[in-house]
Every structure is written in structure tokens, then in C-alpha cells.
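Have a look at the structure below, then the notes.
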Amino acid sequence: MAEIPKSYDPQGVEQRWYEQWLAAGCFKGKVDPSRESFAVMIPPPNVTGVLHMGHLLNNTLQDIMIRRARQEGKSALWLPGTDHAGIATQSRVEKELKQKHGKSRHDLGREKFIEVASEWRDKHGGIILSQLQKLGASCDWDRKVHTLDAGYSQAVLQAFVTLYERGYVYRGKRMVNWCPVSQTGLSDEEVIMKPTQGSLYKMRYEVAEVPGTFLEISTTRPETIPGDVAVAVHPEDSRYQHLIGKHVWRPFPRAQIPIVGDTAVEKDFGTGVLKVTPAHDRTDFDIGKRHNLAVLDVMNPDGTMNADAGPLAGLERFKARTAAAKLLEELGALVKIEPYENTVGYSERADVPIEPRLSEQWFIHYPKIEEAKRAVTSGMIKFHPERWTKTYLHWLDNIQDWCVSRQLWWGHRIPVWYRKGADRNDAKNRHVSLQPPADVANWEQDNDVLDTWASSWLWCLATIGWRKPGETTDELKHWYPTGALATGPDIIFLWVARMIIAGLELHGPEKKTLSDDEIRARIPFKRVYFNGIIRDKLGRKMSKSLGNSPEPLDLIAKFGADGLRFGLLSIAPKGQDILFDEDRVSQGRNFCNKIWNASRFRQMSGPMFDNSSIASIVKRINPAQLDDDDSAILYGIIELSKSTAHQLDEHEFTAYSQGLYSYFWGDFCDWYVEASKVRLADATQRDHCLAVQDLVLRQFLLLLHPIAPFITEELWHLLGYGKENEFIQNQNPSNGSHITDAFKASSIKIDVTKVSDVSLLREFVAEVRAAKSQANQATKRDSVITVVAKDNKAKELLSHNREKLSRLAGLLDMQFTDSPGDRPGTVCQLGTAILEQSGTIDVAGEKIRLSKELEKIEKAVTAGEAKLSNDTFVSKAPAKILEGARKQLTEAKAKRDEIVRMLKTLN
RNA sequence: GGGGGUAUAGCUCAGUUGGUUAGAGCGCCUGAUUGACAUUCAGGAGGUCGAUGGUUCAAGUCCAUCUACUCCCA
């Protein structure tokens, strides 16, 4: 075996193992019906995206789940891929076209543009995925899927056609969210509501029939005045009731428009009068419909005012707003302008205010809403943390039809052809199919493409071969439903909910309603883990413009992939937002180094024996030499295995990482290994003690492997646990039961009471160390203590462990006596330890310290006495608690007396 | 307006059926260090667990009200 270098250098180790894993096909997901399957589908990153901290966390979590599944012997698959990201990609490519060649997409034409965009995608799209390899992501790279792949596209179009045939897809002229920059409609979910500082313009419209009477109206959007076709008041508003049916003068272009009564008007908001602009506001559109009002569109698709805008024609919409205000003022119609904050919808991608705009679009009326709710409420799909269930249900309860057409070129072109020159809204003139009509010359295809999410909602189906409802394949049968999904809660509607709906409707033959068993077979995943959003130290979202996002690859280079993974995990509380702090990552790196050195120490401590199996290690443990510490550390590793299994099941990743950390660093390195140094120096005990270490290290590496795949694989081989072509991923840590089984087979008994004995010894050592530190004896190994043991059992325990204690507490000698005399001591559970003073003590300082301690302990005594003299407590509290309270009081009293005694000796 | 979340040491956070004297890492202070590791070791200071009220023998934990910050939906 090669000698282990002094400190852990991740770079070489990571690259070497990743290559070996790939070469050995470790990440391949193979259909194997004899084993339980566990699949994870990566949330496909946008081809325009760059790797950020969120990806690191999200993919670390997935890698942990998939690696643990592999260890458990499941047939595991982590499938990677990318999303074509319609709007984002198209705008990126258009921008580049403009900058480099001064051309628009129209200059190129549809076909050529898609060619250019595809080239761009091929060049940039794979970057994130390859970066994930540096993190150690164990995806089955050969299965990489892109949403515009031929097969995937076929599935997307088929889904649309099927839903059309089943009556869930319709075309209609509706108010949609229009993005003037991307010039396409958007779904409600792609609109971000932002509080925005604007102005409230108060103005007055004169009543035509009663000159000199004015209606005061407030608006935030005076530029839409030319589109006003009425004003509305509440029909029961006594202030205006009598005016309903009359008209007002619209200031520009000057025209008479009716006053209508509509209950949608809020009497208490503003003046209680609303201007009605059906073409530019959703509520107004509904009011207009109820009163048969015209729809007067005064804006162009690019956000400039059109000819109908009269004096505003040609102006950009925000310039038109100021122009309109000025115009109002000139006409004497402006009352005042006051600052006003309201919530404005912004386009998610272009980050500009959207325009409500009337246009012809395709919509999906969501199927299987009830089933989608039931899948989650009845636990067939489990959300972690559970609270997101509420958000999910609320969305389903208020669900709106989904606008799925996008006025873009980059995406899946809608598979609908219209008979040339005929009415498109008549179903007879449409051909909805994957194949064009036979006499295609007489038809023209819809120019629009589908919303990107209308392709990614099939992610769990189409990535493993779903092409048509009711048809299945071995792949689908084996992997579907997938085991878990890890994603951010920000796309719970955009993606998670829609995937559930898609699965329920499209995986299997058409059914109006589904039974529980059918739901169970159709859901895309059994669990969803919502990871938190990573923010910077100040709680701000990481963003390019703020420059507050560390470069992920730099972090990997600096701390190692394992260290980074461990650090991220330790700061990723269950679904809570995370304030990123590089210090936590260095903790992860330090931990890796600690593990490295503990293994190195093992290697230096004695020869390596047969470590190839648990049985071979256990054989080397000598039951006769099993001491208190052996029992405690072995009991600990079994308990750790149990808790780890449970925490991974429950997606308690932080608890998982912290449990490993404190066991390894605190219990194993700081105590067990230090204590075992005495035995390692003794040739008769050494091999037994090394066997215990070998067993602990082996199991620990297995438990840690999902978080820190590289270092564990490296040490697994360096310490001789695995042969050259065997990988740690094929070793099951289980819940520790295989270790207990091996113990049974070798008649090794772990005495649980030793665990508490060891904790008593640890307390004793800590107290003596503290006393030494206070006496300025520090860690020198020449202190002498005298102990008044609490009882014989304590005395026996102490003297039995004399050698270890001497080493750990730095003692030259430890004697026993029956009475402390007048010397100051320190009270532990095992008795009072008196430190022989080597120099002068700081009497005044000691007095202050002891007085402070006395005050604290007296409080505890008082509280304890009060508790125990309370009859209700004594009669009602469980025996265990009662006993504990009594013990605690006795100890507190003893400590108090000792402190009092010590204070006396100082006087 | 509706619905979440958070509030614990100087900082970042654990604390999952209520139960012994509330923990960790970082930072700070004191000390150690020739053979696992300074990416280390030992010790220490530092907390009325956001506020108030309630339930209970017992509340950081459960309930109610309030405050602050934050996210989502309208």
C-alpha cells in the first residue's frame, strides 16, 4: 500500500477517480427488474445558464441520494439533460446577431435562425453539465437528453395533440401577459409581481349631459386614455348612481364615452370611478364584455403607441405616459399627480413590465386537478419540507388555464395547420397532428411554438422513452415513477405541479378519473425535496449584477469537491434559505483533512492486515481485550449507522452531515484515537486495537461516501477495504445490522453500560484539564492529582483506566485518598480531583471565578430543591426524570459544598 | 388583502413526539506543539432562546396575541 501524504490534496484524487468511475461504467443506469429501481431526473438547466451556487447544492443533494441508493444495491439512474429555454435562448441569440452582424431574426428567416440558435446551443449548452462533473455528479452521461431532441420533441407534440383530442386544449382570443421586449405572450407563472414606484394621476372627465359636472378618476396609466371606451361606477354608489347611462368626455382623442354601472368597481378605492380600457387591463376587459363595449387597442406589440392613440401615436409606452400627463394638464383635466407604489407584473426573462394584451393564443385547461391534489395529500407523493404542500394545494385550488403558445421561433412548433384563408377558430379548418395534412399546400402551419414548460413538464416521462399515452417500454416500466426530485421551491408551479398533472393525464390510457392505485402508477416521482435558495451573507439573492456569487469552480479548486459538498450540506437546513459563508466550506475542507490524517495515523500505527471484509476485520478483534472505549466507539458507529439511515430516509441532510462530523472528530479522533495510543504502544494489544479502528473507519467511510465520494473512495482503497476494480459504491453501509451480525457470529458482546462509563471518564478528563489550565499547568504531562472517588465503582473505573487518563489529562501520577483535607479540588461525577499546585495561584482571580461559579450552582440547587419539594412534580413526573432530578440535585449540592470549601481554603 | 417562513452566543446556524445545568462551527482570549493533522490540540469568556400572556409538575419546544425581517399568491 502506498504511503499516505501528510495533507489531503483533492485535485489529483478527484480527477483520477472520476475518470475511473466513468471508465468502469459506475454511473450507468441499467434496467434490472430483479432489483428495486431508484431514478432521479436532474432539473434540466437552461442552455443559457451558468453554473451557480444553487446548482451546486441541488446537485449535491441528488448525488447523495443516488449514491446512497447505489450502495444499498438498488438499480439506480441519475439522468442528466438540458432545457432549450425558449425565450432566454432566443433573446440571447438575437442579441448576438444584432451585435455581431446587425441583423434581426427576420433577416435570417425561420429556418436559418433555428440553425444559428442550434449552433449556439451546441456550443454553450453543455457547459453546466460538464462543470457538474467537477463536483462529482454521478449522472449517466450517455443518457443526456435535451428537450429539442427528436424523440423528446415527438413526445412534446404528441402530448399537445393528445390533450387536444381529449378536449383540454383550445384556441382563443384572451387577455394574456404580453412581453413587449420578447414580443410574446407569457403564462401567469412567468410574470413576477414587483412593487414599483410610480405616480397616481388624478384627473377629471366632464359629464357630457351635465356641463360643469366632472367625474374625478385616478389612474396609474394615463397613456391608455385613448383606449378608454367607458367609465364605470358601482351601481349602488349613491354618489354616481344617477349618472349611469349618461356620458363623459374622454379628453383625448376627444369623444363621448358612456358611464356604466358595474359591481367590479370598488366603491372605496380612490374616487370610486374607474376608467374602462378593455384592451389594456384584465378587469376592464371583463367589464367591457359585460357591457358590450368595444375593445380599442392603442398599442403596438413592441410597446409603442399605435395610430389609434391619437396625439400619443408613435411614442414608446413610458414616454407616452409623461406625454399624456402633460396633455391632460394643457386640457385642464389634470387634478394632481401623487407618488404611488403599486404592484406591477414584470416579464421574468426580459425584466420589463408586461402589458395585458388581447391576442389569439393556445390554452391548456389542466386535467386531473383532483387527482393531483390527492396524490400529495394522501402521501403518495411526499414533499420535504411538508409545508410546501399548502402552497401547492393553494395553486391547484385557484388554477387558471395555461397559455402555452409563444410567439417565438426557438422551440417546439405548434403541430396545428390551418386551411389557407379559412376561419382559424373553426375546428373544421384545423389539422392537429404530428403529421402535416396530405395536401399541405392548401394549409399553413401555426407560427408559434410551445412554452418551454410545456416540454419540461414531460421530463420524467419523455427522458425514458415515453412517446405516446398507453404505450410503454421496459425503461418506463422500470424507472417510472422516479424515486425523488430535488429542486427549488421557486418552480413548484412552473414545473413540479405540472409534471404531476402531466404524469396523471398522459401516462396510461385515457381515464376521466383515477383510483389511488392508478395515481400511484402515474405520478412522476414519490418524493420531492425542496432545497433552499442560496443567498449571500447579507441575505441577498446571488446574482451576476451584484457580483456576490462566488465562482463555483474556484470554490472546488480551493476547498476540494468533497469539502465544498460537505460545507454546503452543513449549511443547508431543511428547505430553508441559506446564507452562504465561505467559512463553512472551509470547515468541510478541514473535515476532509481530518479524515485523511486519521487514516494516515492508522497506517502509521501498525501493519495493515486483511481488511477485505467485515468478517476478516472482526476476526481480529479479541473479545478478551475489548475495553470500555472499544465498546463505546463500536456502539457509537452502530448507532451512527442507524441514525444515518433514518436521516437519509427523511431527507434530513444537515443532521446527517453533523452526525458524521461530531462522531468522527469528537468521539473517534479526539477521544478514542488519543486514548488508544497507550494500547498501540503495547505489542500485545496493538493488533486488537487496530482492528477496532479498521472497523470503525470502514463503516465511517461507507456512511460518508454519498457526501464525499472522492476522499472516501481513495481511502477505501488506501486502507485496503476494496480491491483495485471494486468500488465503494457497491458496498452497503446498511443501518449497522451487518456489524452486529458479525459480532454475534464472533461472540463479541458490546456492553452498552460502557458508553456511560466512557462519558464519565471524558467528563473527568475535561475537568482535570480545566483545573490544570486554571493553574497554568496547561497540557504539560507532569501534573499530580489526588482523587476522592465517589464510591468503589468510581475508584475502580478510574484506576482501571489509569494509564489512559494519565495520557489524556497529562498526569504524572494519580493517587486516591478518602478525604480532601483543606486542598482545593474539582468536582466530577466520579468524585473530587485535587490538583497538586506547582506554583503560586492567583488568589484574587480564583476567588472571582469561584464566586461566579458558586452563584450559578446555588441557583441550580435552589431550583432543584423547589422542584423536588413540589408534590405534583414528584407524583406526576416519570420515574426516569425524577431520578435524574434527584441525582442532579445531589451533584449540585456536592459541587456547591466543594466550591464553598475551596473558597475557604483561599481565605 | 390572503398564505408561508424566520427570530437561540459577536457572526452563521443545530436543537423532530415538552423532561437533567440550551449545543456546534467561526471569531475572540489563554495555553500547547519534535513522530496523524496549525486545514491541529487543550481550556476559557460569551445566551432572561424576539415580546407578552396561557396550558402543564415541567416550555427554546405546545397555544394565543403582538413586533421585526423575509418569501409566495392576489
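Chain A is the first sequence line, chain B the second, and so forth, proteins listed ahead of strands; every chain is numbered from 1.
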[N] to [M] separation - [atom1] atoms, rounded to the nearest Å:
{"N": "B:rU8", "M": "B:rU61", "atom1": "P", "result": "14 Å"}
{"N": "B:rG3", "M": "B:rU39", "atom1": "C1'", "result": "45 Å"}
{"N": "B:rA22", "M": "B:rA9", "atom1": "C1'", "result": "11 Å"}

Item to check | Partners passing ring pair (Phe, Tyr, Trp, His ring centres under 6.0 Å) against A:W395 (at least two apart in sequence or in another chain) | outcome: A:Y366, A:F493
Checklist outcome for this item: Residues at least two apart in sequence or cross-chain that pass ring pair (Phe, Tyr, Trp, His ring centres under 6.0 Å) with A:F700, listed by chain then number, are A:F664
Annotated protein contacts, base or backbone, on [range] with a non-hydrogen cut-off under 4.0 Å, one of B, S, - each:
{"range": "nucleotides 68-74 of chain B", "value": "---S-SB"}
{"range": "nucleotides 54-59 of chain B", "value": "---B--"}
{"range": "nucleotides 23-28 of chain B", "value": "--SS--"}

Run the side chain to side chain donor-acceptor pair (under 3.5 Å) test against [X] and tell me which residues pass, sequence neighbours left out.
{"X": "A:S676", "result": "A:Q693"}
{"X": "A:K642", "result": "A:E639"}
{"X": "A:D397", "result": "A:K373"}
{"X": "A:K856", "result": "none"}

Next on the checklist: For the residue pair A:R698 and A:W716, would you count it as a cation-pi contact if the rule is NZ or CZ under 6.0 angstrom from the ring centre and within 45 degrees of the ring axis?
Outcome noted: no
Checklist entry - Given the rule in the ring pair (Phe, Tyr, Trp, His ring centres under 6.0 Å) test, do A:Y392 and A:W388 qualify, once you have shown the distances and angles that lead to the verdict? => result CA-CA 6 Å; A:Y392 170 79; A:W388 292 108; over 10 Å; no
Would you be so kind as to tabulate the donor-acceptor pairs closer than 3.5 Å made by side chains of residues 755-766 of chain A, with sequence neighbours excluded?
from: A:S756; atom 1: OG; to: A:T753; atom 2: O; distance (Å): 2.9
from: A:S759; atom 1: OG; to: A:S756; atom 2: O; distance (Å): 3.0
from: A:R762; atom 1: NH1; to: A:D667; atom 2: OD1; distance (Å): 3.0
from: A:R762; atom 1: NH2; to: A:G666; atom 2: O; distance (Å): 3.3
from: A:E763; atom 1: OE1; to: A:Q829; atom 2: N; distance (Å): 3.0

Checklist entry - Using Watson-Crick and G-U wobble pairs whose two distances are both under 3.5 Å, how do you write the pairing of RNA chain B as dot-bracket, with | for links to another strand? => result (((((((..((((.....[...)))).(((((.......))))).....(((((..]....)))))))))))).
Report the nucleotide, chosen from [options], that has the shortest atom-to-atom distance to any side-chain atom of [X].
{"X": "A:K6", "options": "B:rG3, B:rC37, B:rA36", "value": "B:rC37"}
{"X": "A:Q658", "options": "B:rG35, B:rA42, B:rA14", "value": "B:rA14"}
{"X": "A:E674", "options": "B:rA36, B:rA42, B:rG3", "value": "B:rA36"}

Next on the checklist: So, does A:Q888 get its side chain near the phosphate of B:rU21, meaning an N or O under 4.0 Å from OP1 or OP2?
Outcome noted: yes
Checklist entry - Is there a side-chain contact between A:E865 and A:K893 (heavy atoms, below 4.5 Å)? => result yes
Checklist entry - Is A:V768 close to A:L805 at the side-chain level, that is, under 4.5 Å between some pair of heavy atoms? => result no
Checklist entry - Can a donor-acceptor pair under 3.5 Å be found between the side-chain atoms of A:E652 and the base atoms of B:rA14? => result no
Name each donor-acceptor pair under 3.5 Å that joins a side chain in residues 872-891 of chain A to protein atoms two or more places apart or in another chain, with its distance.
from: A:T872; atom 1: OG1; to: A:N870; atom 2: OD1; distance (Å): 2.7
from: A:S875; atom 1: OG; to: A:D871; atom 2: O; distance (Å): 3.0
from: A:S875; atom 1: OG; to: A:T872; atom 2: O; distance (Å): 3.2
from: A:T890; atom 1: OG1; to: A:R886; atom 2: O; distance (Å): 2.7

